[in-house]
Amino acid sequence: MSKILVFANQQGDSLSSGAKEALAFGSRLASSTGGEVRSVTLGPFAEAGAKEAIASGASIAYTISNPLLAEYDVELFVNSIHTIFQQSGADILILSFDKIGKDLVGRLATRIGGSAITEVVDYTANSDKLSWIRPIYGDKAFGEYSTTHQKVVVGIRQKSQDVNVPDETNKGEIIEVDYALSEEMIVTKLVVKIQAALSDIRLEDARIIISGGRGLGGPEGFTELQVLANLLGGTIGASRAACDAGWVPSNLQVGQTGAVVAPDLYIAVGISGASQHLAGITNAKTVVAINSDPEAPIFKRANIGVVADYKNVIQGLTEKLKKVLV
């Protein structure tokens with residue numbers, strides 16, 4: 001019987017999309033192994049998150065509502081999650097392998113003396129033996145892994161799971177953990193927040209994404225993409241090359257080392273299509289590629305390919321949509 005704890009991270013007073021995926025994965029795993037799912041939420045809105053976690057399948061929801069957890073701090077979060085992991089008696093800790101998850105997985109595995117496995121999309125359970133499945137070789141194949149430690153921290157690949165439909169009739173227990181946190185435990189402090197994103201829509205939640213790459217030639221091209229994204233009710237993204245060049249903030253990066261996305265429509269503009277970028281758009285429903293190089297690898301992934309100067313295409317499409325949508 002597996003004892004599973006899910007770190008259910010929140011955005012405001014609601015669970016993040018990644019947390020919902022982690023809970024869905026945990027519930028499915030519990031059903032296969034005869035175990036149960038418990039959750040942990042942190043911060044001022046932890047109780048609201050706990051109720052949502054119970055509706056999504058958790059039988060017990062641990063909370064630490066200390067206001068010091070209102071903003072993400074890696075040391076405070078590691079200490080808090082580790083404390084609850086120990087209290088819960090869990091042997092499996094599941095969390096979304098998003099930006100915060102990438103920061104936490106290795107630290108938590110070290111703290112609990114366990115193994116870490118990331119980018120997990122599925123599992124196999126045979127004769128009390130669990131194996132974890134994750135994509136390899138730039139998503140061209142899947143590898144099956146077992147761990148050498150009894151305890152394991154599992155990072156779930158973003159946009160790889162179907163989330164549970166919340167059931168408000170689910171019964172569960174909320175346990176507020178009295179874990180003493182103090183200002184002295186904070187090694188680094190948030191001084192100021194800078195709004196770096198060009199859109200209020202998170203890449204992971206966007207239904208339409210227009211991404212630019214090195215082929216745009218400079219930061220000016222992203223202004224044109226932003227206009228089109230606004231018309232379509234979407235947001236903009238970027239390749240690693242564009243982010244590394246300083247044309248847009250790094251939080252807009254799509255790919256294996258950035259955001260893994262699954263929009264209904266993904267328009268790749270001036271992006272060649274390196275394997276790391278393609279790994280981030282595996283679950284995109286429709287991919288449109290605009291590139292002047294007919295041999296660009298992105299065309300192998302695209303549902304629709306346009307070989308042309310991106311400026312002519314984007315400007316023409318924008319003007320057409322303005323007449324239709326505005």
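Remember, predicted model here, so these are calculated numbers, not experimental data.
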### Task
Verify, without hydrogens or angle tests, whether S88 (side chain) and F85 (backbone) share a donor-acceptor contact under 3.5 angstrom.
yes
## Note on the structure
Here the pair of heavy atoms bringing P263 nearest to I209 is CG-CD1, 4.0 Å
### Task
Determine whether K129 and S146 make a side-chain contact, defined as any pair of heavy atoms from C-beta on separated by less than 4.5 Å.
yes
### Query
Mind checking whether N291 and F299 have side chains closer than 4.5 Å, heavy atoms only?
yes
### Message
Could you work out, with salt bridge (charged side-chain N to carboxylate O under 4.0 Å, His left out) as the rule, every residue matching K285, not counting sequence neighbours?
### Response
D264
### Message
As an exercise, state the distance from OG of S56 to CD of E168, rounded to the nearest 0.5 Å.
### Response
8.5 Å
#### Entry: N9 side-chain N/O to A19 backbone N/O, donor-acceptor pair under 3.5 Å
no
### Query
Under the salt bridge (charged side-chain N to carboxylate O under 4.0 Å, His left out) test, which residues partner R107, sequence neighbours left out?
D103
### With A229 via side-chain contact (heavy atoms from CB on, under 4.5 Å) - residues at least two apart
I210, Q226, I236
### Contact check, side chains of P219 and V248, non-hydrogen atoms, under 4.5 Å
no
### Task
Return the set of residues passing side-chain contact (heavy atoms from CB on, under 4.5 Å) with I4 (not counting sequence neighbours), or none when no residue passes.
S2, V6, L29, A30, I92, I94
### Task
Kindly give the heavy-atom pair with the smallest separation between I156 and A22, and that separation in Å.
CG1-CA, 4.5 Å
### Test item: E21 side-chain N/O and K159 main-chain N/O as donor-acceptor pair under 3.5 Å
yes
### Task
Return yes if some donor-acceptor pair links the side-chain N/O of R301 with the main-chain N/O of I281 below 3.5 Å, else return no.
yes
### Distance, nearest 0.5 Å, that separates CG of L225 from CG of N230
11.0 Å
### Query
Under 6.0 Å from the NZ atom of K320, do we count more than 12 heavy atoms belonging to anything else shown?
no
### Task
Check whether more than 12 heavy atoms from other residues, nucleotides or ligands sit under 6.0 Å from atom CG of D178, and answer yes or no.
no
### Query
Would you say R134 and T118 make side-chain contact, with heavy atoms under 4.5 Å?
yes
#### Entry: Closest approach of E52 to S14 (non-hydrogen atoms, all atoms of both residues)
OE1-CA, 3.6 Å
### Task
Report yes if the side chains of I64 and Y62 come closer than 4.5 Å at any heavy-atom pair, otherwise no.
no
### Evaluation steps, side-chain contact (heavy atoms from CB on, under 4.5 Å), between K20 and Q161
CA-CA 9 Å; K20 294 175 184 177; Q161 309 295 312; over 6 Å; no
### Query
Just checking, is any N or O donor in the side chain of R111 or N79 under 3.5 Å from an acceptor N or O on the other one?
yes
### Task
Provide the full list of ring pair (Phe, Tyr, Trp, His ring centres under 6.0 Å) pairs with a residue in residues 12-50, sequence neighbours left out, each pair given once.
F25-Y123
### Query
Counting only heavy atoms not in R28, do more than 12 fall under 6.0 Å of its CZ?
yes
#### Entry: Ring geometry between H277 and Y266 (parallel below 30°, tilted from 30 to 60°, perpendicular above 60°)
tilted
### Task
Using a 4.5 Å cut-off on heavy atoms from C-beta on, say whether the side chain of S96 contacts that of Q158.
yes
#### Entry: Distance-only side-chain donor-acceptor flag, E204 / S17, under 3.5 Å
no
### Task
Please identify each residue that fulfils side-chain hydrogen bond (donor to acceptor under 3.5 Å, both in side chains) with D13, with sequence neighbours left out.
none
### Query
Hey, are the side chains of T318 and L231 touching, using non-hydrogen atoms and a 4.5 Å cut-off?
yes
### Query
Going by heavy atoms in the side chains, are R157 and N283 under 4.5 Å from each other?
no
### Query
Taking atom types as modelled and ignoring hydrogens, do the side chains of S65 and E176 form a donor-acceptor contact shorter than 3.5 angstrom?
yes
